[in-house]
Visitor: 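Let me begin by handing over the structure; questions about it come next.
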Amino acid sequence: MSIIPQLLRILGLIFRRFVQTTIEVKEMFGLGKPRSRLGKWLDSSGKTQRWLVAEAKISEDTATRVCSDGTYIPGNATKKKILDVVRRIDPNLKHDDFWPM
């Protein structure tokens, strides 16, 4: 019997496990998900959407939408809450940094 089929089977199992692990890591850290300018700022600042929810006192649904949908523009009250929170980290941030005028 040749050892080649057994080696190919083992290599196939290793490759499948590697691909599965890669997918799990991407999902765990949210890599590859769509991000708005606010979402990208949160990622680069090391802050999470849950942090934004807790600090700005907005709903999780709103945080998800404002961080992932680049075309979504929240209401003025929500924008003010978000800007008040992010300006604690970077006081130079403006409305235009996240949403068009």
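Owing to the predicted nature of the structure, the values given are computational and were not obtained by experimental measurement. Reckoned from all heavy atoms, side chains included, excluding hydrogens, waters and symmetry mates.
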Visitor: Rounded to the nearest 0.5 Å, how far apart are CD of Glu60 and OG1 of Thr62?
Guide: 10.0 Å
Visitor: If you round to the nearest 0.5 Å, how far is CG of Leu11 from CD of Gln6?
Guide: 12.0 Å
Visitor: Using the side-chain contact (heavy atoms from CB on, under 4.5 Å) rule, take Lys79 and His95 through it: C-alpha gap first, then chi angles, then the decisive distance, then the call.
Guide: CA-CA 8 Å; Lys79 281 191 244 182; His95 174 278; 3.2 Å; yes
Visitor: Can you tell whether the side chains of Arg37 and Asp97 come within less than 4.0 Å, N to carboxylate O?
Guide: no
Visitor: Step by step, work out the side-chain contact (heavy atoms from CB on, under 4.5 Å) result for Ile82 and Leu38.
Guide: CA-CA 9 Å; Ile82 292 169; Leu38 176 62; 3.8 Å; yes
Visitor: Answer yes or no: is there a donor N or O on one side and an acceptor on the other, between the side chain of Arg65 and the main chain of Tyr72, under 3.5 Å?
Guide: no
Visitor: Check the pair Lys47, Leu52 against side-chain contact (heavy atoms from CB on, under 4.5 Å), reporting the backbone distance first and the verdict last.
Guide: CA-CA 8 Å; Lys47 303 297 182 187; Leu52 183 64; over 6 Å; no
Visitor: Would you call Glu55-Arg88 a salt bridge at under 4.0 Å N-O?
Guide: yes
Visitor: Do Ser36 and Val66 make a side-chain contact, defined as non-hydrogen atoms from C-beta onward lying under 4.5 Å apart?
Guide: no
Visitor: If you measure from the Lys or Arg side-chain nitrogens to the Asp or Glu carboxylate oxygens, is any gap between Asp84 and Lys80 under 4.0 Å?
Guide: yes
Visitor: Inspect the surroundings of CG in Leu7 and state if more than 12 heavy atoms from other residues, nucleotides or ligands are less than 6.0 Å away.
Guide: yes
Visitor: Apply side-chain contact (heavy atoms from CB on, under 4.5 Å) to the pair Phe15 and Ile10, showing each step before the final yes or no.
Guide: CA-CA 9 Å; Phe15 180 75; Ile10 290 171; over 6 Å; no
Visitor: To the nearest 0.5 angstrom, please state how far the OG atom of Ser44 sits from the CG atom of Leu42.
Guide: 8.0 Å
Visitor: What is the distance from atom CD of Gln49 to atom OG of Ser68, rounded to the nearest 0.5 Å?
Guide: 7.0 Å
Visitor: For Leu83 and Trp99, work out which heavy atoms get closest and say how close.
Guide: CG-CZ3, 4.0 Å
Visitor: Can you give me the closest heavy-atom contact between Lys57 and Lys81, atom names plus distance?
Guide: O-NZ, 3.5 Å
Visitor: Please state whether the rings of Trp41 and Phe98 are parallel, tilted or perpendicular, taking 30° and 60° as the class boundaries.
Guide: perpendicular
Visitor: Side chain of Thr78, backbone of Pro74: donor and acceptor closer than 3.5 Å?
Guide: no
Visitor: Could you tell me whether the side chain of Ser59 reaches within less than 4.5 Å of the side chain of Val53, counting heavy atoms only?
Guide: no
Visitor: Would you say Asp69 and Thr64 make side-chain contact, with heavy atoms under 4.5 Å?
Guide: no
